[in-house]
K.L.:
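Could you have a look at this structure, given as structure tokens, before my questions?
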There are 2 protein chains.
Amino acid sequence: MSELTVPAGRASGAGLDAAALQQLAGKHQTGYRSVGVMVYDILKDAILTGTLPPGQRLRQETLAESIGVSRLPVRSALIQLEADGLVEFHERRGAVVKSLSADQAREVYGIRTLLEVEALRLSMAEMTPERIARLRELGRTADAEEEGADFVDARTEFYAELYDAAHRPVLWEMIEQLRLKVGRYVLGWRLVGGAEHGHSHEELIAAVEGGDVEHASGVLRSHLERVRDAVLELLVAGEPGATAGAPLRH
Amino acid sequence: MSELTVPAGRASGAGLDAAALQQLAGKHQTGYRSVGVMVYDILKDAILTGTLPPGQRLRQETLAESIGVSRLPVRSALIQLEADGLVEFHERRGAVVKSLSADQAREVYGIRTLLEVEALRLSMAEMTPERIARLRELGRTADAEEEGADFVDARTEFYAELYDAAHRPVLWEMIEQLRLKVGRYVLGWRLVGGAEHGHSHEELIAAVEGGDVEHASGVLRSHLERVRDAVLELLVAGEPGATAGAPLRH
DNA sequence: CGCACAGCTTCTGGATCCAAAAGCCCGGAC
DNA sequence: GTCCGGGCTTTTGGATCCAGAAGCTGTGCG
């Protein structure tokens with residue numbers, strides 16, 4: 001496990017990896033319509049990859065300097081990230097990367113099961129061979145991805161295609177929100193011991209292709225349960241008593 | 001039906017009810033920790049009550065002057081509202097109050113049914129007589145409210161108390177998001193012909209008190225279906241072909 | 001008479017500057 | 001030696017200012 005494994009609980013001070021942030025900034029500096037959304041993407045990537053670990057305090061000045069912009073677009077990005085549930089504003093003390101408690105993770109996976117089973121059911125009614133083929137392609141791409149943000153993105157694309165047949169944009173938006181909340185920890189799981197995950201994609205595709213809704217739902221359920229348990233293991237190991245509140249000094 | 005009924009489709013120009021906005025601003029000027037969240041609350045109220053109808057273009061300068069602040073906190077508020085799905089940014093043309101298509105409304109109520117039935121199930125396992133009593137109180141308060149924003153707020157409080165027993169903050173957050181999306185139109189329904197709605201609260205409370213999960217779920221389902229149908233009627237009547245995209249000129 | 005191009009206006013988005021509040025540290029007193 | 005209070009510093013949040021881009025309008029040409 002590389003240094004991507006989050007130090008979590010600690011890291012409240014100024015311990016901000018400016019170099020890694022600059023590197024991420026470089027990857028995103030190409031053609032954005034506004035600086036604000038660029039910063040948003042950079043910070044989202046940074047949080048998802050663990051460059052900005054949970055509990056990390058985010059000082060606007062520092063972030064702005066690292067990325068090379070003013071503080072204003074940083075503020076915009078932080079507000080958006082707050083809405084996404086990735087950061088948290090502390091009164092007059094600035095933003096902090098949110099942690100996820102074990103309870104919250106359990107909840108997220110419970111809701112995801114509800115919503116994704118529904119999305120799967122709706123999608124399977126509209127499934128076509130072309131979509132199956134595209135799913136296989138995206139599944140392969142997802143399995144090929146190794147590094148941080150791309151790994152999460154590839155998986156997101158796979159599920160976007162899977163559920164797109166349902167034509168339920170609001171439902172997908174909800175699912176995406178929930179996936180975002182646990183994205184960081186899934187990444188950790190991947191790095192720790194996600195070896196057999198490749199099977200999940202193919203197993204799910206086969207079930208969808210078969211057309212048996214109940215069977216496919218079962219496959220999806222068990223897949224989500226497996227990921228949930230792995231995430232929980234990682235969570236309770238990393239931070240025993242940490243909840244959403246960051247351990248700031250008083 | 002007062003002038004709160006939205007003119008909808010039109011109203012792309014500068015037709016902004018500055019006076020009504022100032023009045024709303026007055027109601028909120030008391031003790032906020034930051035101006036940004038105050039503006040956010042003001043604009044949210046304005047959208048929920050129909051003061052800012054769907055399709056209304058939101059010019060930062062105008063809003064700032066009406067409320068009496070700078071453009072900067074207005075921008076912050078607009079970003080938050082975008083995350084809530086209440087407004088939409090159009091490239092270089094600013095923010096517009098989002099419309100809700102009939103399809104989107106159907107989706108919202110479908111997802112709400114899924115989530116709220118689950119929340120109800122979980123809550124009923126933890127229900128106590130004290131909670132029942134508080135629900136009755138909140139139900140009465142909600143029924144007593146007549147005007148715009150307070151009506152929505154009172155109903156939100158009722159459901160917050162109902163689902164609070166489940167101790168599922170993430171689930172509640174999701175439900176709240178969805179309720180926010182349709183809040184405006186429910187308000188319209190109330191104004192148009194929501195006469196028998198008072199029964200819903202008591203009927204639901206009685207079912208919860210009874211302890212029969214299946215029965216209570218049924219009551220909740222049919223309540224949501226009734227509101228959905230009323231909202232849909234209002235939607236298809238108001239704007240036949242309007243989708244999320246606002247009819248801006250090109 | 002209609003269409004197209006150019007200039008003007010207007011609005012958003014970004015940067016720099018300023019004020020206020022909260023935390024931190026040091027000194028003094030008990 | 002410890003605890004409380006006051007001043008200092010740091011950092012957020014707000015206001016004003018500036019630049020760039022998109023739309024609108026007026027005029028000229030076909």
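Keep in mind it's a predicted model, so treat the numbers as computed, not measured. Naming: A, B, ... by sequence-line order, numbering from 1 per chain.
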K.L.:
Quick one, Met174(B) and Ile111(B) - any side-chain contact, counting heavy atoms below 4.5 Å?
P.N.:
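No - every pair of side-chain heavy atoms lies 4.5 Å or more apart.
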K.L.:
Please state how far atom CG in Leu58(A) lies from atom P in dT12(D), giving the value in whole angstrom units.
P.N.:
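The distance from CG of Leu58(A) to P of dT12(D) comes to 9 Å, rounded to the nearest Å.
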K.L.:
For dG14(D), does either OP1 or OP2 sit under 4.0 Å from a side-chain N or O belonging to Arg75(A)?
P.N.:
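Yes, such a contact exists.
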K.L.:
What pairs with Glu137(B) under salt bridge (Lys or Arg N to Asp or Glu O under 4.0 Å), at least two apart in sequence or on another chain?
P.N.:
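Listed in chain order: Arg140(B).
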K.L.:
I'd like to know if Lys181(B) pairs up with Glu173(A) as an ion pair, taking the criterion as any Lys NZ or Arg NE/NH1/NH2 lying under 4.0 Å from an Asp or Glu carboxylate oxygen.
P.N.:
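Judged by the 4.0 Å cut-off on N to carboxylate O distance, Lys181(B) and Glu173(A) do form a salt bridge.
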K.L.:
Looking at DNA chain C, which of residues 76-86 of chain B put a heavy atom within less than 4.0 Å of it?
P.N.:
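None - not one residue of the stretch has a heavy atom sitting under 4.0 Å from the strand.
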K.L.:
For Glu107(A) and Pro169(B), work out which heavy atoms get closest and say how close.
P.N.:
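Result for this residue pair: OE1-CD, 3.0 Å.
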K.L.:
Considering every strand and a 4.0 Å limit on heavy-atom distances, what is the contact class for Ser34(A): base, sugar-phosphate, or nothing?
P.N.:
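It contacts sugar-phosphate atoms only.
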K.L.:
Ignoring hydrogens and angles, does a donor from either the side chain of Arg71(A) or the base of dG14(C) sit under 3.5 Å from an acceptor on the other?
P.N.:
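In this structure, the two groups form no donor-acceptor pair.
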K.L.:
Whole-Å distance between dC11(C) P and Leu63(B) CG?
P.N.:
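Spelled out: CG on Leu63(B) to P on dC11(C) is 12 Å.
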K.L.:
Under a plain distance cut-off of 3.5 Å, with no hydrogens placed, do Ser76(A) and Arg75(B) share a side-chain donor-acceptor pair?
P.N.:
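No donor-acceptor contact under 3.5 Å links the two side chains.
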K.L.:
Quick check: are there more than 12 heavy atoms from other residues, nucleotides or ligands sitting under 6.0 Å from CZ of Arg134(B)?
P.N.:
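Atom CZ in Arg134(B) is not crowded, with 12 or fewer foreign heavy atoms closer than 6.0 Å.
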K.L.:
Ignoring hydrogens, what is the shortest heavy-atom contact between Lys98(A) and Pro54(A)? Give both atom names and the distance.
P.N.:
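That would be O-CB, 3.8 Å.
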K.L.:
What are the atom names and distances for every N/O pair under 3.5 Å that joins the protein to nucleotides 8-11 of chain D?
P.N.:
residue	atom	partner	partner atom	Å
dT11(D)	OP1	Arg59(A)	NE	3.0

K.L.:
What's the separation between atom CG in Leu86(A) and atom CG in Leu100(A), rounded to the nearest 0.5 Å?
P.N.:
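With rounding to 0.5 Å, CG (Leu86(A)) is 10.0 Å from CG (Leu100(A)).
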